[in-house]
Every structure is written in structure tokens, then in C-alpha cells.
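The next block holds one structure in the form of C-alpha cells; read it before the comments.
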Amino acid sequence: MLDNRGGTFYKAYTRCCINFITLRLKRNCMRFSRMYLPTLKEEPAEAEVISHRLMLRAGMVRRLAAGIYSYLPMGLMALRNVEAIIRQEMNRAGAQELLLPAVQPAELWQESGRWDFYGKELLRITDRHQRNFCFGPTHEEVITDLVRHEVRSYRQLPLNLYQIQTKFRDEIRPRFGLMRGREFIMKDAYSFDVDDAAAGISYQGMREAYSRIFSLCGLDFRAVEADSGAIGGSFSHEFVVLAESGEDAVASCQACAYAANVEKAEGRFAAADKCAADAAAPAAAAVATPDRESVESVAAFFKVDPGAILKSMIFESDRGFCLVVVPGDREVNEIKVKAALGAEWLEIPAPSRIADELGLPVGYLGPVDTVLPLLVDRQVPELEAVVCGANRHGFHLQGVIWGRDFSCNKVADLVQVRAGDRCPRCGGLLQIDRGIEVGHIFKLGTKYSEKLKATFLDQEGQERPLVMGCYGIGVGRTVAAAIEQHYDENGICFPYAIAPFKVALLNLDLKSAEVTAACEALYAELEGRGIAVLYDDRNERPGVKFKDADLIGAPLRLTLGRKSFERGIIEARLRDGSSNAELPLADRAPLWSLLAELAADDSRIPS
RNA sequence: CGGGAUGUGGCUCAGCCCGGUAGAGCACUGCGUUCGGGACGCAGGGGUCGGAGGUUCAAAUCCUCUCAUCCCGACCA
């Protein structure tokens with residue numbers, strides 16, 4: 001039979017293969033009547049952010065447990081589209097795809113030191129032999145382990161490996177649907193280089209690839225400087241999609257290119273011409289201020305600006321207790337405090353603990369004659385004759401002067417920037433926007449390669465640790481972010497590139513053989529051109545079809561009913577409402593050029 | 001983990017205060033009418049009221065415990 005190349009078996013087999021391939025090509029075309037696409041007319045009660053609501057209503061996802069979601073066909077299609085863009089751009093940038101295990105042995109995490117450090121977010125699992133494993137929240141350990149066994153020489157570098165895979169982080173509070181799930185799909189890439197300079201080139205390459213990826217996804221985003229958090233490392237950028245519902249806040253300069261997460265952002269601080277403490281100034285005096293525990297109420301009491309009050313807060317870290325002092329009109333930035341202390345963890349102890357263990361009254365804390373180590377914001381020494389708590393219940397000190405009444409050699413930038421602060425680069429005005437972090441790139445350095453002994457021999461035969469970088473993209477979050485940025489009161493308005501269906505074809509008159517035949521013909525042609533189309537052939541009233549078409553957000557809606565058929569036209573309406581044209585039924589050319597325009601318009605990459 | 005709330009047909013919710021027959025709308029099935037922006041009529045199917053315990057002649061309703069989910073704060077793609 002194997003030799004029967006020209007025979008009937010072979011022909012049948014060939015036809016079978018061709019059918020299979022054709023079916024594969026058509027996988028993104030569907031009849032609505034056959035598709036598992038459970039749309040919801042009513043608002044699901046559990047969802048509060050737009051993307052979550054719309055993804056539930058549009059039949060893209062369903063919740064299985066807190067922070068754990070099933071992707072239905074529509075949702076998966078959107079996800080695959082984002083993945084395709086990611087793959088294309090990662091491969092273009094020279095990265096290679098692989099797939100690492102989701103479940104990882106505890107030993108590796110103990111070796112890197114993160115088994116204890118990562119905390120409760122690490123979902124730990126025990127197998128039948130009582131061996132410890134975890135469900136991977138990230139893959140630095142695994143990739144480093146893989147590479148250390150294979151990479152021996154500088155000749156094998158640079159190397160950039162990535163995967164698209166399910167992660168699990170046991171978030172304290174999962175919320176917002178796919179925006180902060182516990183189980184989520186992430187593209188993570190890891191680069192390995194010979195030295196810091198080469199690692200910088202890898203980092204830059206990823207930065208460019210990320211910009212292309214998010215541009216291709218049709219997103220309005222910013223690449224901003226960021227804190228590197230638990231992953232560690234020296235340098236990092238976040239890619240933030242601007243959206244009202246975002247959990248992150250980004251400070252950006254209105255005059256130059258500076259942009260940073262507010263956790264990281266610095267305001268320029270002009271060291272004013274500070275006059276030395278005036279010895280003649282009256283001594284600080286204690287004033288009874290009963291029930292004045294907030295900065296606002298104290299400011300009102302003394303009839304001064306909140307900026308002339310010192311806000312004093314006790315923090316506890318692995319370095320012990322510490323009193324942090326900032327101007328009263330400022331918020332403390334805990335990330336900066338943590339960095340200034342060089343602490344591993346940081347928290348605000350409960351007022352009861354402060355009272356019991358330190359004997360101090362919250363609401364009346366101050367830096368004068370305190371027993372606690374001080375940490376002072378750099379703006380504090382510039383203030384004169386300020387008010388602060390007297391460390392005595394019901395009393396504040398007035399006329400307190402830096403350098404005379406208290407001082408401290410630990411002075412640092414500790415406050416959160418706010419709109420109107422000055423840019424640290426150019427002095428321009430900073431503005432604050434909310435956004436969703438969809439990508440994050442880190443320069444890791446040798447943190448993991450040293451711990452896991454991933455080394456190579458350089459040109460001089462010296463053994464050196466690999467210099468690493470790591471680069472993540474939340475794939476599901478990117479889909480959600482795209483929806484947050486592209487919707488209206490009727491539903492999703494997908495950017496063309498990630499739209500599960502590019503075209504929604506509505507047959508408004510199933511009973512008419514001619515209309516149906518025209519729709520079927522058009523459907524087949526769109527299919528033949530590889531355009532993802534959802535053909536609404538359901539026996540439903542027109543209103544239902546319009547509502548569903550709007551909800552699922554196909555960029556182009558083609559409508560054919562009896563009236564339009566008799567006039568020889570198809571109605572072509574863009575989902576974003578920007579155009580509503582009548583195309584001739586007899587001539588397809590205008591339709592093809594419209595579709596080509598849509599596709600091209602959306603794939604622009606800003607230089 | 002702290003603070004707040006909610007669990008009642010598939011979905012959205014009423015009923016709970018003041019204990020006594022489990023309800024509405026949507027969805028689903030059948031028939032008929034309708035048919036360019038989520039139609040209408042008639043007839044149906046579907047619920048151990050999150051779970052356990054208690055009080056009571058009697059519990060969706062009151063009490064205790066428990067589980068789950070959601071919202072506000074500390075983590076992160």
C-alpha cells in the first residue's frame with residue numbers, strides 16, 4: 001500500500017490532508033449558530049471593571065474560582081492573537097521559544113534563596129513522597145538551571161529564551177477579572193550575556209521589541225522607569241497601558257521624555273538658599289492640642305499650611321523600628337523608605353503595638369528627643385520653625401528648627417511625587433496618569449547566576465557568572481487592557497490586530513433564500529481570504545444580532561437584509577462608528593480594500 | 001491577614017426586620033404571532049434557599065459555627 005503512490009488510497013489520503021489543512025485555515029471563521037459563544041444580556045454582579053464585565057458578557061471568559069478563569073473560544077482567540085504578535089516580535093528580536101515546566105522542585109528555590117523569601121504568594125505543593133514543589137510564579141530558577149548545564153563558553157552567548165505559559169501567584173486579593181488573577185498566562189523571556197554592556201544591549205533590544213508588541217496590539221502605552229520589586233535586579237522599565245481603571249500611577253514629564261512609576265519617580269528638589277538655624281529664634285514650645293491627631297486638624301489648630309507640619313510615622317522592618325519624617329502635605333513612599341533603610345521588608349505596625357511596645361502615642365509623634373532611629377525626607381531640613389508631635393499624648397511642639405531641635409544624618413527622598421512636581425531631568429511639570437502594567441523588563445545582573453552557579457569561560461579563560469535579564473508580558477492582562485482602552489456603551493471595540501473576529505456578518509433575513517445565498521457566498525469568500533469572520537446565521541431578530549455584534553467588538557460589521565439586498569448593497573459599518581458605508585453587492589473590490597485599510601491602519605508602528 | 005458586605009432556579013434580584021404556600025424578570029422547551037437595534041401571547045420544565053448545628057409545633061427568615069464570593073488597605077505580569 002505504501003508503494004501505491006498513484007493509487008486511490010494515496011489520492012484519498014492527499015485529499016484528506018488538504019481538507020485538514022483547509023479546516024485549520026478556517027478555524028477562525030464560525031457560524032454564530034454553531035459557536036460556543038454565550039453572551040450575556042445582563043450585567044454580571046461579580047464584575048466591577050469594564051474589561052471584566054465585557055469579557056464575561058461577550059462570552060470570552062468564565063470564573064472557576066477566585067482569580068482563576070476559563071477562556072472560552074472567543075477569549076482564547078483574542079489571547080492567541082496577542083501571543084502571535086509576541087512570538088513574531090520576540091523571534092524578530094532574536095529570542096527563541098521554549099517551554100519550561102509549570103511545577104518546580106523546592107530545591108531550586110532553596111538554592112536561589114527565594115523558597116523562604118518569596119512568601120505566601122508561592123503556591124507550594126507536596127507530592128506523594130512528601131517532596132516539596134511549587135507551581136511556578138516565574139521561572140528564573142528553572143531557566144538558570146537549564147542554561148548552567150549547557151552554556152560553558154562566551155561563544156554560546158548572547159542567548160535569549162522565552163516561553164508563553166501559565167503561572168500561578170497566590171495573590172492576597174485577586175480582583176478585576178483577568179487584570180489580577182492568580183492563575184494567568186505570561187510571556188517570560190530571559191537573556192544571558194557575557195557582561196553588563198552586552199546585557200544592556202539585550203535589554204535595549206527587548207525594550208524595542210516590547211514597544212513594537214504593544215503598538216501592534218493597538219495600545220496607548222508608556223515605557224516607564226520602575227521599581228524592580230521581588231524579582232530583584234538593578235534596573236527596570238514597566239510598560240503601562242493608560243487607563244482610568246489602572247492600579248498603577250505613572251508620573252510623566254510634560255516637557256521631556258521622563259516617565260516613571262510613582263513608586264520610583266523623583267521630583268526635582270531645588271535646594272533652596274537655606275538660612276542657617278537662627279540662634280535667636282524662640283525655643284520650641286509644647287502646646288496642648290487635644291484630639292488633634294491628623295495633619296489637617298493640627299494645621300487648622302495652628303493656622304498654618306500642612307506643609308509646615310512634620311508628619312512622623314513609625315515603620316517596622318527587618319532593621320527594627322524607625323521614625324520616618326516628611327513634610328505634612330506629603331505622602332510617604334514606602335518603596336523609597338524600604339530602599340533608604342536597605343530593608344528586606346517593611347510595614348506599618350498597628351497603633352496598639354506602637355503604644356504597647358514603644359510607649360508612644362500615634363497622632364502625637366515627632367522627631368525631637370525621640371528614642372527611635374530617624375529617617376528624614378530631604379525636604380525637611382529646608383523647612384523652618386515647624387510644628388511636630390511632642391511624643392506626648394495631646395501635645396505638639398511649635399517652632400521646631402532643624403539642626404537645633406533635632407537632626408539626623410539619614411536624609412533621603414522619601415515622598416510620593418504628585419502632579420505639579422518638577423521633573424528631575426528637565427524641571428518641567430510632572431503629570432500623573434493611571435495605567436495598567438502589561439509588561440516589565442528587568443536587568444537582573446548576576447543575582448541568579450551567582451546563586452545557582454551559572455558560569456561560563458570568557459575569552460581569557462576566566463570563569464564568570466552569566467549576566468541576566470528577564471522580561472515579562474501579561475498576555476491575558478494585555479487583552480483586558482486593550483478592552484479597557486477600547487470600548488463604548490454597547491460593548492468592546494477591539495483593535496483590529498487582536499480582534500477575535502475581524503468581521504461580523506449579519507444575515508437579517510434567514511427566510512429569504514436570496515439573502516441567505518448572498519450571505520453564504522460572502523462568508524465563503526471571506527473565509528477563503530483567511531479573514532476571521534463570525535457569520536450570524538441564527539434565527540433571531542435583527543436587534544439581537546446588532547447587540548451581539550456590538551458586544552463582541554468585531555471591527556467591521558457587514559449587514560445584509562431584504563431591503564439592502566433589493567437595493568444591491570451591503571451595509572459596512574465600522575465598530576468604532578467612524579464610518580458607515582454602503583458597498584455594492586455585485587463588486588467585492590471596495591470591501592477588500594476597506595479590509596486592507598483596516599488591517600494596515602492598525603499595524604502602524606510608531607518609530 | 002485586618003475592615004465592610006453578600007450567598008435564594010442557568011443569570012439579575014425580591015422575600016428575611018415581623019418565622020407558617022419559595023417568588024419576579026431574563027434565559028430554557030413547545031405552539032402561534034412578530035421580524036433593521038436585546039419582541040409578544042399561551043402552555044411548560046427547572047430551586048436540598050451556600051453548608052452544619054441549634055431554637056421552635058413550624059426556619060429562606062431567629063441564634064451559633066463553617067465555607068465561598070465580592071468590595072476597601074499591604075503584593076505583582
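Here is the naming used below: chain letters follow the sequence lines, and residue numbers restart at 1 for every chain. Predicted, not measured: the structure shown is a model, and the values here were computed from it. Scope of the values below: all heavy atoms of this structure, side chains included, with no hydrogens, waters or symmetry mates.
With a 6.0 Å cutoff to the six-membered ring centre and a 45° limit on the axis angle, A:Arg538 counts as a cation-pi contact of A:Phe32.
A side-chain contact (heavy atoms from CB on, under 4.5 Å) with A:Ile552 is found for one member of A:Arg575, A:Met60, A:Met74 and no other, namely A:Met74.
At B:A39, one or more side-chain N or O atoms of A:Arg541 fall inside 4.0 Å of OP1 or OP2 (strictly under the cut-off). OP1 or OP2 of B:C72 lies within a sub-4.0 Å distance of a side-chain N or O belonging to A:Arg173. Dashed line: the shortest gap from a side-chain N or O of A:Lys41 to OP1 or OP2 of B:A27 is under 4.0 Å. Applying the 4.0 Å criterion to OP1 and OP2 of B:C72, one finds that A:Arg175 has a side-chain N or O inside that range.
Using a 4.0 Å heavy-atom cutoff across all strands shown, A:Glu334 reaches no nucleic acid atom at all. Using a 4.0 Å heavy-atom criterion, one finds that A:Asp548 contacts the bases of the nucleic acid, with or without backbone contacts as well. Note on A:Thr478: nothing from the nucleic acid sits closer than 4.0 angstrom, heavy atoms only. Among the heavy atoms of the strands lying under 4.0 Å from A:Gly561 is at least one base atom, whether or not backbone atoms are also near. A:Lys511 comes within 4.0 angstrom of a nucleotide base, judged by non-hydrogen atoms across all strands. Within the 4.0 angstrom heavy-atom criterion, no nucleotide atom of any strand lies near A:Asn507. Heavy atoms of A:Gly491 sit nowhere under 4.0 angstrom from any nucleic acid atom. At the heavy-atom level, A:Val438 lies under 4.0 Å from the strands shown only through sugar-phosphate atoms.
B:U6 sits 15 Å from B:A14 when the C1' atoms are compared, rounded to a whole Å. Here the separation of B:A27 from B:C13, taken at their C1' atoms, is 14 Å to the nearest Å. Separation of the C1' atoms belonging to B:C75 and B:A60 is 39 Å when rounded to the nearest angstrom. Comparing B:G23 with B:C16, their C1' atoms sit 14 Å apart, to the nearest whole Å. Here the separation of B:G53 from B:G73, taken at their P atoms, is 39 Å to the nearest Å.
Contact of A:Arg57 with B:G38 (side chain to base): a donor-acceptor pair of N or O atoms is detected under 3.5 Å. A donor and an acceptor atom sit less than 3.5 Å apart, one in the side chain of A:Arg180 and one in the base of B:C76. Side-chain atoms of A:Glu540 stay outside donor-acceptor range of the base of B:G38, with no qualifying N/O pair under 3.5 Å. With hydrogens and angles ignored, a donor-acceptor pair under 3.5 angstrom links the side chain of A:Arg557 to the base of B:G37. Remark: the A:Ser564 side chain and the B:G36 base include a donor-acceptor N/O pair separated by less than 3.5 Å. Below the 3.5 angstrom threshold, one finds a donor paired with an acceptor across the side chain of A:Asp550 and the base of B:G37.
Ring orientation note: the planes of A:Phe135 and A:Phe168 are nearly perpendicular, at an angle over 60° on the 30°/60° scale.
The side chain of A:Glu247 lies closest to B:C75, out of B:G36, B:C75, B:C70. Candidate nucleotides B:C71, B:G37, B:U69 were compared by shortest atom distance to the side chain of A:Lys547, and B:G37 ranks first. Among the nucleotides B:C76, B:G37, B:A39, the one closest to any side-chain atom of A:Arg477 is B:C76. When each of B:G36, B:A77, B:G38 is scored by its nearest atom to the side-chain atoms of A:Glu171, the top-ranked nucleotide is B:A77. Nearest to the side chain of A:Ala45, among B:U12, B:G37, B:U69, sits B:U12. Set against B:G36, B:C75, B:G25, the side chain of A:Glu42 has B:G25 as its closest nucleotide.
The pair A:Arg53-A:Glu43 meets the salt-bridge criterion, with a side-chain N (NZ, NE, NH1 or NH2) lying under 4.0 Å from an Asp/Glu carboxylate O. Between A:Lys311 and A:Glu331 there is a salt bridge, since a side-chain N of the basic residue sits under 4.0 Å from a carboxylate O of the acidic one.
Stacking is found between A:Phe184 and the pyrimidine-like six-membered ring of the B:A77 base under the 5.5 Å centre-distance and 30° plane-angle cut-offs.
Here A:Tyr69 and A:His52 bring their ring centres to under 6.0 angstrom of each other.
Neither side chain, A:Thr516 nor A:Asp509, offers a donor N or O lying under 3.5 Å from an acceptor on the other.
The partner of B:G20 is B:C57, judged by Watson-Crick or G-U wobble contacts that both fall below 3.5 Å.
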